[in-house]
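Report on the structure given below.
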Protein chains: 2
Amino acid sequence: MVAAAEVVHRQGVERTTIADIARAADVPVGNVYYYFKSKDELVVAALSEHTRQLDLLTDRLNQLADPRERLKGLVEAWVSQRDVAARYGCPTGTLAMELDKRDDGGLDAEAGKVMRLLLDWVEQQFRELGLPEPDGLALTLVGAYQGMSLLANALREPRVMDREGARLLAWLDSLEVA
Amino acid sequence: MVAAAEVVHRQGVERTTIADIARAADVPVGNVYYYFKSKDELVVAALSEHTRQLDLLTDRLNQLADPRERLKGLVEAWVSQRDVAARYGCPTGTLAMELDKRDDGGLDAEAGKVMRLLLDWVEQQFRELGLPEPDGLALTLVGAYQGMSLLANALREPRVMDREGARLLAWLDSLEVA
DNA sequence: GTCTATAAAAAGATAGAC
DNA sequence: GTCTATCTTTTTATAGAC
């Protein structure tokens, strides 16, 4: 399953065939359909895998006492993934974009939920810092991450992540608590 | 051709069949292959269409005397497209993401070039304003646009574009010239 | 140049042996 | 539960009449 999520991230949903998944998991094609009734079910599973990864990260960051340090830890986690982001984009962002193009019944909304999960966690940190409009700040921070990932990917330039990451860290430090 | 680019934007490259294009242009399928040797050629043409649209916009903005006003005009143009952005994402950004997933010979690099075109124009405006690190500022502005488009799309929430657009306008106003 | 019909390939899905 | 073989559908692409 972890392997499947990685292949989907690399190749995209539409270009990933069941045969690709089978090869990655080192099982025959027919076997895949024993675990997943359809390709759509497999995509849902890949999405769950991203949710799980996000939960692991936020659980780890929640150990930190200062909300500001949690947010800075988040940015550092993003930057540490600069090479994979430059090569394949943000996993959640690329998946959300692709699922949006599908006319299947509500699978696209599922991707939005993962993004919401991230936004909500970030908003909570800003709220704990006592800053005004924590939801707006969350949009700005997560939006900046999605944007820098896309640019790093389009330009094939991992350093975009370093540069924008440093700017975000400085920005977080500059915010005055109430 | 304009119709083709729109369909590709709405459905994505992979999910757009030649039949879809033919229907949009109101011609039979076989006809499409008279104008484009392959689907890849058609994608290249769609990309050129985006470049053309970008040229039209920057030409118009170049009429403005003040570089800062040009940049604000750019942001306003983005926000004015909020509904289409919330529904289908930024045309250039979504296309760049999708083409990146393909292993075709260098088609993905073409998408990067369109993004570069936009970044270069924005950087030039910051440069004319006499601001330090105009390339970094361009990354921040264009990245913010890509990010807000992706979030508006993932959340199906056009108001994200209004909110972040207003923030970007205020940011542009706040930058002190040398 | 335009259209219809059809070939060729790829991918999703299933049947059934083991 | 696992694997092979195969069916079905979809889509790209072409051949050839008009």
Side-chain angles (χ1 to χ4, degrees), chain A residues 1-50 88 91 94-111, chain B residues 1-50 88 91 94-111:
Chain A
M1 188 58 251
V2 176
E6 280 172 7
V7 178
V8 169
H9 180 208
R10 279 203 300 275
Q11 307 189 345
V13 175
E14 300 299 340
R15 286 189 77 87
T16 300
T17 67
I18 303 294
D20 289 332
I21 302 285
R23 197 171 337 108
D26 206 36
V27 294
V29 282
N31 206 317
V32 175
Y33 283 95
Y34 178 76
Y35 295 104
F36 308 100
K37 271 201 291 290
S38 66
K39 192 178 176 180
D40 273 9
E41 266 201 17
L42 205 150
V43 173
V44 171
L47 213 50
S48 303
E49 178 61 24
H50 289 308
Y88 309 113
T94 54
L95 199 48
M97 255 195 191
E98 228 182 334
L99 292 185
D100 172 75
K101 308 285 187 197
R102 301 174 67 117
D103 43 4
D104 46 38
L107 221 174
D108 52 347
E110 288 304 309
Chain B
M1 187 57 251
V2 175
E6 279 172 7
V7 178
V8 169
H9 180 209
R10 280 203 298 275
Q11 306 189 346
V13 176
E14 302 297 341
R15 285 189 78 86
T16 300
T17 68
I18 303 294
D20 290 332
I21 302 285
R23 198 173 333 111
D26 205 36
V27 293
V29 282
N31 206 319
V32 175
Y33 283 95
Y34 179 76
Y35 295 103
F36 307 100
K37 273 201 292 288
S38 67
K39 190 178 176 180
D40 274 9
E41 267 201 17
L42 205 149
V43 173
V44 171
L47 214 50
S48 303
E49 177 61 24
H50 288 308
Y88 308 113
T94 53
L95 199 47
M97 255 195 190
E98 229 182 333
L99 292 185
D100 173 76
K101 307 285 187 198
R102 300 173 69 113
D103 42 6
D104 46 39
L107 221 173
D108 52 348
E110 289 303 311

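All of these numbers come straight from a predicted model, not from anything done at the bench.
For the pair B:Lys39 NZ and C:dA9 C1', the computed distance is 14 Å after rounding to whole Å. Remark: P of C:dA11 and CD of B:Glu14 are 10 Å apart, rounded to the nearest angstrom. Atom CG of A:Asp20 is separated from atom P of C:dA10 by 13 Å (rounded to the nearest Å). Straight-line distance from the OH atom of B:Tyr34 to the C1' atom of C:dT4: 17 Å, rounded to whole Å.
If you walk DNA chain D from 5' to 3' and mark each nucleotide with an atom closer than 4.0 Å to a heavy atom of chain A, the marks span D:dG1 to D:dT4.
Near DNA chain C, meaning a heavy atom under 4.0 Å away, the residues from residues 24-33 of chain B are B:Pro28, B:Gly30, B:Asn31.
Terminal axes of the helix from C:dG1-D:dC18 to C:dC18-D:dG1 (five pairs each, C1' rotation axis) are separated by 10°, to the nearest 10°.
Taking every heavy atom of both residues into account, A:Leu47 and A:Ala111 meet most closely at CD2-N, 3.6 Å. Here the closest heavy-atom approach between residue B:Glu49 and residue B:Ala5 is recorded as CG-CB, 3.7 Å.
At the heavy-atom level, A:Phe36 lies nowhere under 4.0 Å from the strands shown.
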B:Leu99 vs B:Glu110, side chain to side chain contact (heavy atoms under 4.5 Å, CB included): CA-CA, chis, key distance, verdict: CA-CA 9 Å; B:Leu99 292 185; B:Glu110 289 303 311; 5.6 Å; no

Derivation and outcome, side chain to side chain contact (heavy atoms under 4.5 Å, CB included), residues B:Val8 and B:Val43: CA-CA 8 Å; B:Val8 169; B:Val43 173; 5.9 Å; no

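Toward the 5′ end of DNA chain D lies the nearest nucleotide of A:Tyr35, the other residue of the pair B:Thr17 and A:Tyr35 mapping further downstream.
Evaluation of the side-chain hydrogen bond (donor to acceptor under 3.5 Å, both in side chains) test over residues 17-27 of chain A, restricted to residues two or more places apart or in two chains, returns A:Thr17-A:Asp20, A:Asp20-A:Arg23.
Considering only heavy atoms from C-beta on, A:Lys39 stays 4.5 Å or farther from A:Ile21 through its side chain. Using a 4.5 Å heavy-atom threshold, the side chains of B:Val44 and B:Glu41 count as separate. Proximity of A:Ile18 to A:Phe36: side-chain heavy atoms (C-beta onward) are nowhere separated by under 4.5 Å.
Remark: A:Arg102 pairs with A:Glu14, A:Asp40, A:Asp104 by the salt bridge (charged side-chain N to carboxylate O under 4.0 Å, His left out) rule, at least two apart or across chains. By the ring-ring contact (aromatic ring centres under 6.0 Å, His included) test, A:Tyr88 pairs with A:His9, sequence neighbours left out.
Remark: A:Asp103 CG to B:Arg15 CZ distance equals 5.5 Å, nearest 0.5 Å.
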